[in-house]
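Computed from a prediction, not measured in an experiment: that's the story for all the values here. Numbers restart at 1 for each chain; the letters A, B, ... are given by sequence-line order, proteins then strands.
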Amino acid sequence: MEIIERLASFIIPAVLLLCAVLMIKIKGGGKAFMTGAGEGLRTAVRLIPTMVMLCVGLSMLCASGAVEWLTGLISPLTDRLGIPADIIPLILTRPVSGSASTAAYADLLERCGPDSAAALCASVIMGSSDTLIYVITVYFSAAENIKGTRHAFPVAAAVMVLCVVLSCILYRIFF
Amino acid sequence: MIEKCFFVLVILSIGFGFCTGNMSEVSNAALDGAANAVTVVISLCGAMCLWNGVMEVLKESGAVRALSRLLSPVLKHAFPETWKSGAGRDEVCAALCANILGIGNAATPLALSAMKKMSGVCKDSRASDDMVTFAALGAASLDLLPTTLIALRRGAGSASPYDIIVPIWICSACCAAVTVILCRLSALFAKGRRRRGNN
């Protein structure tokens, strides 16, 4: 199975190799790269105001103790569904912050052991979900003429719930 | 939209901070968050330049066109408007591939240019169905090789750090499929409601 990790380390070099070969082969390849790179830089700079608002809000929420309070609030419900109580902090931070949920995940591995039920469920959740608030907000910030995200948040939130339930079911099937 | 997000987050954190007596942490976190945002974007700048440059070369050479032709049979059902108009089609394909291959640094810049292209053909300030589908799909992870998770598990002394891969594939595939289905259903529902509203 180590081959998977070895394979993963080849992906970026392979893409860059392809790019380098094509750059030599086509006319104006270097110029195309510069054009794209400049465009990328402009997108990044335009992202800063959105990111400041989002990061300020999210880091305030993480510091306010909301996660601990909500964990206590929803643990009776998750108990009944057969979701281990240890993964609740992870579920609550996952949609909001990549670094906070990775920290919650590392803490869980430490506390329960990496091969415990909670850790395996948590691994599946981490692997098949993303920071949905961050992703949707940043994606839509690139579309400056658009107002509103329509059904993006409800769908993503529903899928996040599905992901949690499914991870617990898959745990029972696989382990 | 971001202002609504910000409003909700600020109200919630001040409310919780007040109730739990964490107000000083909350006020520190606000400034930390602002500094952190700039750090994140600056650290993203290099990746943005690199991957947008690579994308431009691949596009110029026709490699992306070939990729999008390859993925068309599946993706044209998820993004029907984009496939019809062609605006942003190549970017959507490239961004999804970067997501699947686990080049997260490349996925974000490509996804942003895909969103920009797709918004360019919107007639009013209303997001198109495909933009919503694409954003919701971006919020569900498609990573085939969860190397960070495996490294963390190995670091914690797991007996078999790779055990999680197959369940993650199943879970990711289900989540992605459900995301697309829910988005298409919402889009059809909204269309029907608009048509009834016009009559």
Side-chain angles (χ1 to χ4, degrees), chain A residues 1 4 8 11 19 22-23 26 29 32-33 35-37 39-41 43-44 47-48 50-53 55-57 59-61 63-66 106 109 114-115 123-124 126-130 132 135-137 139 142-143 145-152 155-156 159 162-163 166-167 170 174, chain B residues 1-2 6 9-10 12-13 16-17 20 22 25-26 29-30 32-34 36-37 41 44-45 48-49 52-57 60-61 101 109 111-112 115-116 119 125 127 132 135-136 138-141 145-147 149 152-153 156 158-159 162 164 167-168 171-172 175 178-179 182-183 186:
Chain A
M1 283 305 260
I4 290 184
I11 292 174
C19 173
L22 291 172
M23 222 193 279
I26 63 171
F33 185 90
T35 314
E39 192 58 42
L41 191 61
T43 313
L47 204 60
I48 291 181
T50 312
M51 285 294 282
V52 168
M53 275 175 95
C55 287
V56 167
S59 82
M60 277 169 80
L61 188 69
S64 69
L109 292 182
D115 297 311
S123 305
V124 178
M126 284 294 283
S128 42
S129 63
D130 213 326
L132 69 94
V135 167
I136 295 178
T137 312
Y139 277 24
N145 54 335
I146 298 299
K147 290 191 176 60
T149 56
R150 295 180 57 205
H151 49 274
V155 168
V159 170
L162 172 79
C163 174
L166 203 57
S167 75
L170 284 168
F174 274 86
Chain B
M1 186 269 305
I2 174 75
F6 187 66
L9 289 171
V10 168
L12 280 178
S13 24
F16 277 114
T20 54
N22 285 343
E25 281 90 340
V26 171
D32 287 347
N36 196 26
V41 174
L44 202 66
C45 271
M48 288 285 240
C49 287
N52 273 299
V54 170
M55 176 71 189
E56 198 65 35
V57 173
E60 225 29 44
S61 67
L101 292 177
L112 294 184
M115 286 298 270
K116 206 189 288 172
S119 72
S125 62
V132 177
S141 164
L145 305 168
T147 43
L149 292 184
L152 279 171
R153 280 171 62 75
S158 167
Y162 299 98
I164 54 167
I168 285 180
C171 194
S172 296
C175 287
V178 170
T179 303
L182 283 179
C183 284
S186 310

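For chain A, the nearby parts of B:Thr179 are the backbone and the side chain; heavy atoms of each come within less than 4.5 Å. Both the backbone and the side chain of B:Met115 come within contact range of chain A, each with at least one heavy atom under 4.5 Å from a heavy atom of that chain. Residue contact with chain A, scored on non-hydrogen atoms closer than 4.5 Å, involves the backbone and the side chain of B:Pro167 alike. Only the backbone of A:Ser129 comes within contact range of chain B, with at least one heavy atom under 4.5 Å from a heavy atom of that chain. Interface remark: A:Leu61 contributes backbone and side-chain atoms alike to the contact with chain B (heavy atom separation under 4.5 Å).
With hydrogens and angles disregarded, a donor-acceptor distance shorter than 3.5 Å links the side chain of B:Thr20 to the backbone of A:Ser64. Under a 3.5 Å cut-off, the side chain of A:Ser59 and the backbone N or O of B:Ala29 do form a donor-acceptor pair.
Contact detail for A:Leu41 and B:Cys45: the closest heavy-atom pair is CD1-SG, 3.8 Å. Considering every non-hydrogen atom in both A:Ala142 and B:Leu112, the closest pair reads CB-O, 3.5 Å. Closest approach of A:Gly29 to B:Val57, counting heavy atoms only: O-CG2, 3.6 Å. What you find for A:Ala66 and B:Phe16 is that their closest heavy atoms are CB-CD1, 3.3 Å. Closest approach of B:Ser141 to A:Gly127, counting heavy atoms only: OG-O, 3.2 Å. Nearest heavy atoms, A:Val135 versus B:Gly138: CG1-C, 3.6 Å.
A side-chain contact (heavy atoms from CB on, under 4.5 Å) with B:Phe6 holds for exactly one of A:Val56, A:Thr137, A:Thr50; it is A:Val56.
If you tally non-hydrogen atom pairs under 4.5 Å between each of B:Ala156, B:Gly17, B:Cys171 and chain A, the highest count goes to B:Cys171. Ranked by heavy-atom pairs under 4.5 Å with chain A, the first of B:Glu25, B:Glu56, B:Arg153, B:Glu60 is B:Arg153. Across A:Met126, A:Met60, A:Met53, A:Arg150, the residue that shares the most heavy-atom pairs under 4.5 angstrom with chain B is A:Arg150. Looking only at heavy-atom pairs under 4.5 Å with chain A, the residue among B:Pro146, B:Ala127, B:Ala136 that has the most is B:Ala127. Taking A:Asp130, A:Leu166, A:Thr35, A:Ile48 one by one and counting their heavy-atom pairs under 4.5 Å with chain B, the maximum is reached by A:Asp130. Highest contact tally toward chain B, considering only A:Cys163, A:Ala106, A:Ser167, is held by A:Cys163 [criterion: heavy-atom pairs under 4.5 Å]. Interface remark: of the candidates A:Val52, A:Leu162, A:Leu132, A:Val159, A:Val159 forms the most heavy-atom pairs closer than 4.5 Å to chain B. No other option in A:Ile26, A:Leu47, A:Asn145 has as many heavy-atom pairs under 4.5 Å with chain B as A:Asn145.
Side-chain polar atoms of A:Asp115 and B:Ser158 form a donor-acceptor pair below 3.5 angstrom.
Partners of B:Asp32 by salt bridge (charged side-chain N to carboxylate O under 4.0 Å, His left out), not counting sequence neighbours: none found. By the side-chain contact (heavy atoms from CB on, under 4.5 Å) test, A:Cys55 is found to be paired with A:Met51, B:Ala37, residues two or more places apart in sequence or in another chain being considered.
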Could you go through A:Val155 and B:Val132, starting from their C-alpha distance and side-chain angles, then the distance that decides it, and tell me whether this counts as side chain to side chain contact (heavy atoms under 4.5 Å, CB included)? CA-CA 9 Å; A:Val155 168; B:Val132 177; 6.0 Å; no

The test is side chain to side chain contact (heavy atoms under 4.5 Å, CB included); show your working for B:Met55 and A:Glu39 and say whether it passes. CA-CA 11 Å; B:Met55 176 71 189; A:Glu39 192 58 42; over 6 Å; no

Test side chain to side chain contact (heavy atoms under 4.5 Å, CB included) on B:Lys116 and A:Thr43; report intermediate values, then the result. CA-CA 10 Å; B:Lys116 206 189 288 172; A:Thr43 313; 3.7 Å; yes

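For the atom pair A:Leu109 CG and B:Leu149 CG, the distance stands at 9.0 Å (nearest 0.5 Å).
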